[in-house]
Amino acid sequence: MVDALVEVHRVLAPAGTLVDARPDSRVPAYAERRKPRGFQRFGVVTTSRLEVANDRASDRAIASVVREGLFKRRRRGRFWHLVPFSSLAELRNYLSEHLRFVHRAEWVVDGATRKRHSNDQFVIRRAVRYELLEALRSPRNISPE
C-alpha cells in the first residue's frame, strides 16, 4: 500500500488533497431495527480477523508516508453509514455473503423479539473513518514496507 500512496503523491499536485475513507474496524457495526422514530439495536456485527489485519496494514502505510514527509495530516474523523435492508432475513443473507464482517451478528435481543419483528426494516450502522491528507512538495526518501 505504501507504493500506491507514493504513486498517488507523484501524480497529486503540491498541496493537493488525498481523502482516505474506509470502514472503521476499531468500532463494531450494529444491526438495528427501524422504528417510526429512530432505531432499536438488535445485534452487534464484528469485523473479520483478515479485514482487521488489512485495516492495520493500511494504518501503518498512512503513518509511514506521513512520517516520511509525503503527506501532512489535515483533518480526520468518523461518520456513520447506514446500509438498509427490507427485512431481518435480507440482513442475515447480506452478512452470510459479506467478506468484511463475520457472518453472524451477536444478538442482543431474544429469538422471540427477532421473530416478531422479522419483517420490519433493518439497517447495519457502520462506522467510516476518514482522513484528509495534504501532499507536501519535497518528500524525504521513502522505503516501501
Notebook entry, point to check: With sequence neighbours excluded, what pairs up with Arg10 under the salt bridge (charged side-chain N to carboxylate O under 4.0 Å, His left out) test?
Noted result: Glu7
Margin query: When you compare the side chain of Leu5 with that of Leu18, does any pair of heavy atoms fall below 4.5 Å?
Written below: yes
Check: In the single-linkage hydrophobic clustering (I, L, V, M, F, W, Y; side-chain heavy atoms under 4.5 Å), do Val52 and Phe101 co-cluster?
Finding: no
Check: Can you list the residues that meet the salt bridge (charged side-chain N to carboxylate O under 4.0 Å, His left out) rule with Asp59, with sequence neighbours excluded?
Finding: Arg22, Arg129
Notebook entry, point to check: For residues 43-72, which residue pairs qualify under ring pair (Phe, Tyr, Trp, His ring centres under 6.0 Å), counting only residues two or more places apart or in two chains?
Noted result: His9-Phe71
Margin query: Just verifying a value: how many Å separate Glu97 CD and Arg92 CZ, rounded to the nearest 0.5 Å?
Written below: 14.5 Å
Next item on the list: Would you please name every residue forming a side-chain hydrogen bond (donor to acceptor under 3.5 Å, both in side chains) with Arg126, sequence neighbours left out?
Entry: none
Margin query: Within the supplied structure, the quantity of interest is the number of heavy atoms (other residues, nucleotides, ligands) at a distance under 6.0 Å from Leu50 CG; does it exceed 12?
Written below: yes
Margin query: I'd like to check the ring-ring contact (aromatic ring centres under 6.0 Å, His included) partners of Tyr94; sequence neighbours left out, ordered by chain and number.
Written below: Phe85, His98
Item checked: Closest non-hydrogen atom pair, Val123 against Pro84 -> CG1-CA, 4.1 Å
Margin query: My understanding is that only residues two or more places apart in sequence, or in another chain, count here; which of them pass side-chain hydrogen bond (donor to acceptor under 3.5 Å, both in side chains) with Gln121?
Written below: none
Notebook entry, point to check: Can you tell if the side chain of Val66 reaches within under 4.5 Å of the side chain of Glu68, non-hydrogen atoms only?
Noted result: no
Notebook entry, point to check: Residues in side-chain hydrogen bond (donor to acceptor under 3.5 Å, both in side chains) with Arg56, at least two apart?
Noted result: none
Item checked: Leu91 side chain reached by Ile124 side chain, heavy atoms, under 4.5 Å -> yes
Next item on the list: Sequence neighbours left out, what passes side-chain hydrogen bond (donor to acceptor under 3.5 Å, both in side chains) with Asn119? Give chain and number order.
Entry: none
Item checked: Interatomic distance, Ser87 atom OG to Asp120 atom CG [nearest 0.5 angstrom] -> 9.5 Å
Note to self: Salt bridge check, Glu131 against Arg73: does any charged N sit closer than 4.0 Å to a carboxylate O?
What the structure shows: yes
Check: If you round to the nearest 0.5 Å, how far is CG of Asp20 from CD1 of Ile62?
Finding: 4.0 Å
Next item on the list: Would you check if Arg78 and Val27 make a side-chain contact, meaning some heavy-atom pair closer than 4.5 Å?
Entry: yes
Check: Do Val2 and Val65 touch side chain to side chain, with heavy atoms closer than 4.5 Å?
Finding: yes
Next item on the list: Hydrophobic side-chain clustering at under 4.5 Å (ILVMFWY, transitive links): who's grouped with Tyr130? Put none if nobody.
Entry: Phe79, Val128
Check: Do the side chains of Leu70 and Val8 join up, straight or via other hydrophobic residues, at under 4.5 Å, putting them in one cluster?
Finding: yes
Check: In terms of hydrophobic clustering (I, L, V, M, F, W, Y; side-chain heavy atoms under 4.5 Å; direct or indirect links), are Phe39 and Val45 co-clustered?
Finding: no
Next item on the list: Applying salt bridge (charged side-chain N to carboxylate O under 4.0 Å, His left out), name anything that partners Arg114, two or more places apart in sequence or on another chain.
Entry: none
Next item on the list: Mind checking salt bridge (charged side-chain N to carboxylate O under 4.0 Å, His left out) for Arg125 and listing every partner two or more places apart, or none if nothing turns up?
Entry: Glu32
Checklist line | From CG (Asp24) to OG1 (Thr47), nearest 0.5 Å | finding: 8.5 Å
Item checked: Closest approach of Ala135 to Ala13 (non-hydrogen atoms, all atoms of both residues) -> CB-O, 3.8 Å
Could you pull out all donor-acceptor pairs under 3.5 Å where a side-chain atom in residues 102-109 meets a protein atom, sequence neighbours excluded?
unit_1, atom_1, unit_2, atom_2, d
His103, ND1, Leu95, O, 2.8
His103, ND1, Ser96, O, 3.1

Note to self: Under 3.5 Å, is there a donor on one side chain and an acceptor on the other for Ser58 and Asp55?
What the structure shows: no
Checklist line | For Arg100 against Ser25, the heavy-atom pair lying closest together | finding: NH2-CB, 3.9 Å
Item checked: Geometric class of the Phe42/Phe122 ring pair [parallel <30°, tilted 30-60°, perpendicular >60°] -> perpendicular
